[in-house]
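Note sheet for the following structure.
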2 protein chains.
Amino acid sequence: MSIPTLEVVARAAGVSRATVSRVVNGSPTVRIESRQSVEKAIAQLGYVPNRAARTLVTRRNDSIGVVIAEPTGRLFGDPYFAEVLRGIGAGLAAREVSLVLVLSQSPDEERRAARYLTGGHVDGVILFSLHGNDPLPEHLQSRGIPVVVGGQPPHGARVSYVDNDNHGGAIAAVNHLIEQGRTRIATITGPLDMPAAVTRRLGFLEAIRAAGRTPDANLEECGGFTREGGQRAMEVLLQRCPDIDAVFAASDLMAAGALSALHAAGRRVPEDVAVVGFDDSIIALSTQPALSSVHQSMEVTGRELANVLLQTIDARDQVVRHVVLETELIVRQSSGGPPTGKN
Amino acid sequence: MSIPTLEVVARAAGVSRATVSRVVNGSPTVRIESRQSVEKAIAQLGYVPNRAARTLVTRRNDSIGVVIAEPTGRLFGDPYFAEVLRGIGAGLAAREVSLVLVLSQSPDEERRAARYLTGGHVDGVILFSLHGNDPLPEHLQSRGIPVVVGGQPPHGARVSYVDNDNHGGAIAAVNHLIEQGRTRIATITGPLDMPAAVTRRLGFLEAIRAAGRTPDANLEECGGFTREGGQRAMEVLLQRCPDIDAVFAASDLMAAGALSALHAAGRRVPEDVAVVGFDDSIIALSTQPALSSVHQSMEVTGRELANVLLQTIDARDQVVRHVVLETELIVRQSSGGPPTGKN
DNA sequence: AACGGCCCTGAGAGCGTTCTCACGCGCACG
DNA sequence: CGTGCGCGTGAGAACGCTCTCAGGGCCGTT
């Protein structure tokens, strides 16, 4: 019982192929009785349109590519990415659009991916975790392929993007630490070739200045967005400035590393040193004590990415759209928040 | 500069469409000079085969579906899933096969997914995190669509699968605890409608018996594979049997919850209670103390899934293939392993 | 010199859609 | 009663590829 063609359905319904096609695609210019007889035939025969044939003539693919470019595997351990995918799935659910995942983890695969994407196999592309100035978004865009970037795009490229408010989140985190009476606040940054890392750092500096203090370069160390990097950075910071009483880590993973280092150094958290992370991922709940963190809903981010992309595809325009999503500071024990309570 | 067709390439190379097609598909019956001239034309014009047209005639899609059915969002927080995807991507990389992600998180989306998959849009399907006796694998199989299940398939269905050695891993974990001199070993299980949870529990029981001890139902509590569930289960266990000196949790997430509960109850880990988790996910390194855990490489699992599926598709047979991957116990501080050292 | 075989090639049909165009019908209008 | 128009419909080309089949060229054999 394989899938019947339009032709077969047409015969069964006593009409022409064209009419069946019209019914399938919801054209209004079909007599009600024709429509009903076609619908009955479709139901009986279990007809499903052949996507390839449709694509061949319409030049639409009804699928979008999601590119995760992560050569280092860096963010891959980070669970945030699964959530984004779920969000994208949710954003796509209302439409018959499918999601093609393109992993590119080596220069070789990167070339393949680029070829695939420019080969007209997808109607649009969502790009992720870009580094430095990856030329891919502009390259795709110049080929007329709608593109949306998750996170800030590299180096002011003229590309649509959906991002979290990294800047505002960092400020909220630092203000919180200041309100807790902390005076020597350090930061562990991400790799500064990633826009999100840069922006979080700038938020940190701005909040420090806004409080009338002078940023101190000694209170800053890169943790590379990894757990180990965070741990090492914390060790360096403690050695350099033993009087640190608070740390803002630009990711939960790095915050977890910092907690280990603090523990090893015999500092109590939050009594001696308060710690705030960023992402509010599952990791924030697994640490001891539970980690205060800047929450960003990656699922909402994903949904928004899908929306913006679909909008761009539908409009067929070259309008660059920007969406910045709010973040929210979740206070837990690591920064002296509610000692127990809502985890 | 849109993508040229076979026709255009043929004209440029001074041959017919058929010959170009032969070159593209690597047919050996092409004169060397024809081939070269075609290859040159392809390179110059930037030709890429149109997949839709190809699919239309060959009835191959060159794409496989990966279904993540996770209505509860339960495993989604778990980062393991990103790794599996990466593995699948790696397994597919050698071939021009793309990966279509199908998220189904509601009964509605589930129906859509089933329709999509049976609609002939993919050459094969990888299924994930199935519950109870999900009929989907058998349904697809009966429609002639190659299927591979990640993890144990529901209820002895006759379906290919790739699984980790949950049984052996659990035994290794418990044996380790026994060797450490622990005498009252409890377990926190996953939801017993999931095969992996059942198997890990059976491994636990078997190891207990193999040591000449008698399993005690009081030393067993379900944690539902969630962090909160693990915490609650640990509280229940401590209340029921205050003399517990070791816990085997069937997932890292639950182990993390158990650590919180132990901490709250003033028990020292590992001095008073040793803890071993399962999965060796990123969480195992974020806990304090670092968690001993049964390691399973989800990336290898993913790669193997892709391999088995491709094999089945190529062979066009209905042979049911089973692959069981080794697990390995990683000992860290939570079970009294190396006090520092390799994290 | 005629013939069979092999190697390479090209013509052309066909895959299942969509979409343009033209046609037949019924109706209102002049 | 002819003309024009809108509505619903069908015929048929087109999309870009694969694959079968037939045929031309060249060899060795009889």
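Chain letters run A, B, ... following the sequence lines, proteins first, then strands; residues in each count from 1.
The shortest distance between side-chain heavy atoms of A:Arg303 and A:Ile88 does not fall below 4.5 Å. Contact of the A:Val24 side chain with the A:Ile42 side chain is registered, since non-hydrogen atoms from C-beta on lie closer than 4.5 Å. In this structure, A:Met298 and A:Arg86 have side chains that are not in contact, with every pair of non-hydrogen atoms separated by 4.5 Å or more. Using a 4.5 Å heavy-atom threshold, the side chains of B:Val84 and B:Phe128 count as touching.
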**Message:** Test side chain to side chain contact (heavy atoms under 4.5 Å, CB included) on A:Leu92 and A:Leu99; report intermediate values, then the result.
**Reply:** CA-CA 8 Å; A:Leu92 256 34; A:Leu99 191 171; 4.1 Å; yes

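In this structure, the side chain of B:Ser104 does not engage the main chain of B:Ala113 through any donor-acceptor pair within 3.5 Å.
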**Request:** Can you check each nucleotide of nucleotides 9-18 of chain C against protein heavy atoms at under 4.0 Å and return B for base, S for sugar-phosphate only, - for none, in 5' to 3' order?
**Result:** BBBBB-BBBB

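In the helix from C:dA1-D:dT30 to C:dG30-D:dC1, the rotation axis of the first five pairs and that of the last five pairs differ in direction by 60°, rounded to 10 degrees.
Classified by interplanar angle (parallel below 30°, tilted 30° to 60°, perpendicular above 60°), the ring pair A:Tyr161/A:His322 is parallel.
Against DNA chain D, the stretch residues 115-124 of chain A makes no heavy-atom approach under 4.0 Å.
B:Arg51 and B:Ser98 form a side-chain donor-acceptor contact under 3.5 Å, judged by distance and modelled atom types alone. A donor-acceptor contact closer than 3.5 angstrom links the side chains of A:Arg321 and A:Thr312.
The distance from atom CZ of A:Arg35 to atom C1' of D:dT9 is 13 Å, rounded to the nearest whole Å. Note: CG (B:Asp62) to P (D:dT18) measures 10 Å, nearest angstrom.
Checking each of B:Asp165, B:Thr301, B:Asn164 against B:Gln296 for a side chain to side chain donor-acceptor pair (under 3.5 Å) leaves exactly one that passes, namely B:Asn164.
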